[in-house]
Asker: 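The following block contains the structure, expressed as structure tokens.
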Amino acid sequence: MSRMPLTEKKATTSPISTHPQRDERRRKLADVRQELVLDAARSVFFELGMEKTSIREIARRAGYTPGALYSYFPSKEHIYGALLGESLERLNTQVQLALEAAASPAERLRAGASAFFDFYRVNPHDLDLGFYLFQGMAPRGLTPELDVHLNTRLRDALLPCQAALQAMGLDEARATAEVTALFAHIVGLLVMSHTGRIRMFGQSSQELFGAYLAHLLKRAQGGKSA
């Protein structure tokens with residue numbers, strides 16, 4: 001499973017190791033330790049939220065001292081960013097896999113949008129991570145570098161939909177507007193579904209998404225945006 005880098009290290013000119021097997025064992029051990037930290041952090045974030053989570057609590061659940069965690073992550077925001085980065089890589093992988101069997105632009109639009117929707121429908125905790133919902137609807141800022149990287153990867157998952165719309169005849173501005181509306185519709189439906197609010201209306205998020213996507217395809221095939 002691919003994951004965004006956990007730490008940034010400066011390039012060095014150290015000689016090539018003469019103990020490759022030992023280095024490989026150390027690397028595997030470091031990977032296991034980092035995974036333990038991320039697993040512990042995931043449970044703490046979901047239980048306590050961003051504001052109440054502390055490095056000390058993450059370390060306690062992972063079985064390490066706070067000082068040991070700082071050798072992997074400089075802050076809890078970087079741990080959060082690593083978890084979100086991992087989630088977004090899985091999202092992009094799911095979208096790309098769905099596109100493999102799609103030939104026409106219309107098929108690619110349907111496949112890409114459905115994969116995006118289904119990823120967050122099946123994984124509600126990833127929705128929390130992806131849209132910073134730990135603090136209600138208030139966004140939680142990370143470092144500028146993490147924000148740029150993570151927002152880019154989220155945008156990447158929607159780019160196939162925009163490309164499909166343009167291939168169907170929409171210009172870039174209209175395709176961007178439609179993808180923005182699609183994104184907003186998906187998030188809105190999923191928030192209503194995961195919070196149970198959609199039951200107020202006796203509706204199904206999957207059926208409503210299917211109807212929206214059908215109208216979007218109709219608009220795009222007609223060469224005009226609503």
Side-chain angles (χ1 to χ4, degrees), residues 1-6 31 34-35 37-39 41-46 49-50 73 77-102 105-135 137 139-167 175-195 198 204-206 208-210 212-213 216-217:
M1 180 184 297
S2 60
R3 182 160 66 241
M4 62 182 292
L6 302 184
D31 287 346
Q34 289 174 355
E35 197 61 42
V37 172
L38 291 176
D39 286 344
R42 187 179 291 108
S43 67
V44 178
F45 281 130
F46 291 148
M50 174 68 82
F73 303 95
E77 285 78 14
H78 282 79
I79 299 177
Y80 182 92
L83 288 172
L84 178 49
E86 182 180 78
S87 171
L88 292 173
E89 292 308 317
R90 287 188 284 109
L91 167 65
N92 275 274
T93 296
Q94 181 160 314
V95 169
Q96 291 302 317
L97 287 174
L99 294 171
E100 289 180 356
E107 290 174 347
R108 291 180 67 80
L109 175 59
R110 183 178 293 279
S114 297
F116 191 101
F117 176 82
D118 286 338
F119 178 82
Y120 287 115
R121 179 181 62 83
V122 175
N123 303 290
H125 282 326
D126 286 281
L127 184 72
D128 291 339
L129 280 172
F131 300 101
Y132 304 173
L133 296 182
F134 287 125
Q135 307 303 319
M137 293 304 292
R140 172 71 190 188
L142 302 176
T143 67
E145 295 78 13
L146 282 174
D147 274 333
V148 170
H149 174 79
L150 297 170
N151 285 332
T152 297
R153 291 305 285 151
L154 180 60
R155 185 78 176 88
D156 286 344
L158 291 164
L159 286 178
C161 292
Q162 180 166 338
L165 286 166
Q166 290 183 244
T176 299
E178 286 288 9
V179 167
T180 303
L182 172 66
F183 176 66
H185 198 80
I186 287 174
V187 174
L189 283 176
L190 290 171
V191 169
M192 288 182 66
S193 178
H194 292 323
T195 59
I198 202 166
S204 160
S205 63
Q206 290 172 272
L208 290 172
F209 171 72
Y212 182 87
L213 185 55
L216 174 57
L217 283 162

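Excluded from the calculations below are hydrogen atoms, water molecules and symmetry mates; all remaining heavy atoms, backbone and side chain alike, are included.
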Asker: Is there a side chain to side chain contact (heavy atoms under 4.5 Å, CB included) between Leu182 and Phe116 once you walk through the steps?
Answerer: CA-CA 10 Å; Leu182 172 66; Phe116 191 101; over 6 Å; no
Asker: For Leu83, run the side-chain contact (heavy atoms from CB on, under 4.5 Å) check against Leu38, Asp126, Asp39 and tell me which one passes.
Answerer: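 Exactly one pass, corresponding to Leu38.
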Asker: Relative to each other, are the rings of Phe117 and Phe209 parallel, tilted or perpendicular (30° and 60° limits)?
Answerer: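 Geometry flag for Phe209 against Phe117: parallel rings.
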Asker: Got a second to check how far Leu216's CG is from Glu178's CD, nearest 0.5 Å?
Answerer: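 Taking CG in Leu216 and CD in Glu178, the distance rounds to 5.0 Å.
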Asker: When rounded to the nearest 0.5 angstrom, what distance separates CZ in Arg110 from CG in Leu99?
Answerer: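 Interatomic distance, Arg110 CZ to Leu99 CG, rounded to 0.5 Å: 13.5 Å.
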Asker: Got a second to check how far Leu88's CG is from Arg155's CZ, nearest 0.5 Å?
Answerer: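 Reported value, rounded in 0.5 Å steps: 14.0 Å.
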Asker: Any side-chain heavy atom of Pro160 within less than 4.5 Å of one from Gln96?
Answerer: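 Yes, their side chains come closer than 4.5 Å.
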Asker: Please lay out, stage by stage, how Leu129 and Tyr80 fare under the test side chain to side chain contact (heavy atoms under 4.5 Å, CB included).
Answerer: CA-CA 8 Å; Leu129 280 172; Tyr80 182 92; 3.9 Å; yes
Asker: For the backbone of Ala115 and the side chain of Gln94, can you confirm whether one donor and one acceptor N or O come within less than 3.5 Å of each other?
Answerer: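 Side chain of Gln94 to backbone of Ala115: a pair is present.
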Asker: May I have the step-by-step check of salt bridge (Lys or Arg N to Asp or Glu O under 4.0 Å) for Arg42 and Glu86, ending in yes or no?
Answerer: CA-CA 12 Å; Arg42 187 179 291 108; Glu86 182 180 78; 2.9 Å; yes
Asker: Determine yes or no for a side-chain-to-main-chain donor-acceptor pair under 3.5 angstrom, with His185 supplying the side chain and Leu213 the backbone.
Answerer: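 No: the side chain of His185 does not pair with the backbone of Leu213.
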Asker: Can you name the nearest heavy-atom pair linking Arg121 to His194, along with the distance?
Answerer: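 For Arg121 and His194, the tightest heavy-atom pair comes out as O-CE1, 3.2 Å.
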Asker: So how far is it from Ser87 OG to Tyr120 OH, rounded to the nearest 0.5 Å?
Answerer: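 Answer for the OG-OH pair, Ser87 versus Tyr120, is 5.0 Å.
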Asker: Dump the intermediate steps for side chain to side chain contact (heavy atoms under 4.5 Å, CB included) on Leu154 and Asn92, then the final yes or no.
Answerer: CA-CA 8 Å; Leu154 180 60; Asn92 275 274; over 6 Å; no
Asker: Can you measure from CD1 (Ile186) to OH (Tyr212) and round to the nearest 0.5 angstrom?
Answerer: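 So the CD1 of Ile186 and the OH of Tyr212 are separated by 8.5 Å.
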Asker: Minimum heavy-atom separation for Ile79 to Ala41, with atom names?
Answerer: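 Shortest heavy-atom separation between Ile79 and Ala41 comes out as CG2-CB, 3.3 Å.
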Asker: Rounded to the nearest 0.5 Å, how far does SG of Cys161 lie from CD of Gln166?
Answerer: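 Answer for the CD-SG pair, Gln166 versus Cys161, is 12.0 Å.
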Asker: Dump the intermediate steps for side chain to side chain contact (heavy atoms under 4.5 Å, CB included) on Asp156 and Leu91, then the final yes or no.
Answerer: CA-CA 10 Å; Asp156 286 344; Leu91 167 65; over 6 Å; no
Asker: On a heavy-atom basis, which atom in Gly81 and which in Leu150 lie closest, and how many Å separate them?
Answerer: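 Shortest heavy-atom separation between Gly81 and Leu150 comes out as O-CD2, 3.9 Å.
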Asker: Contact between Thr180 and Leu158 at the side-chain level, heavy atoms closer than 4.5 Å - yes or no?
Answerer: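 A side-chain contact under 4.5 Å is absent here.
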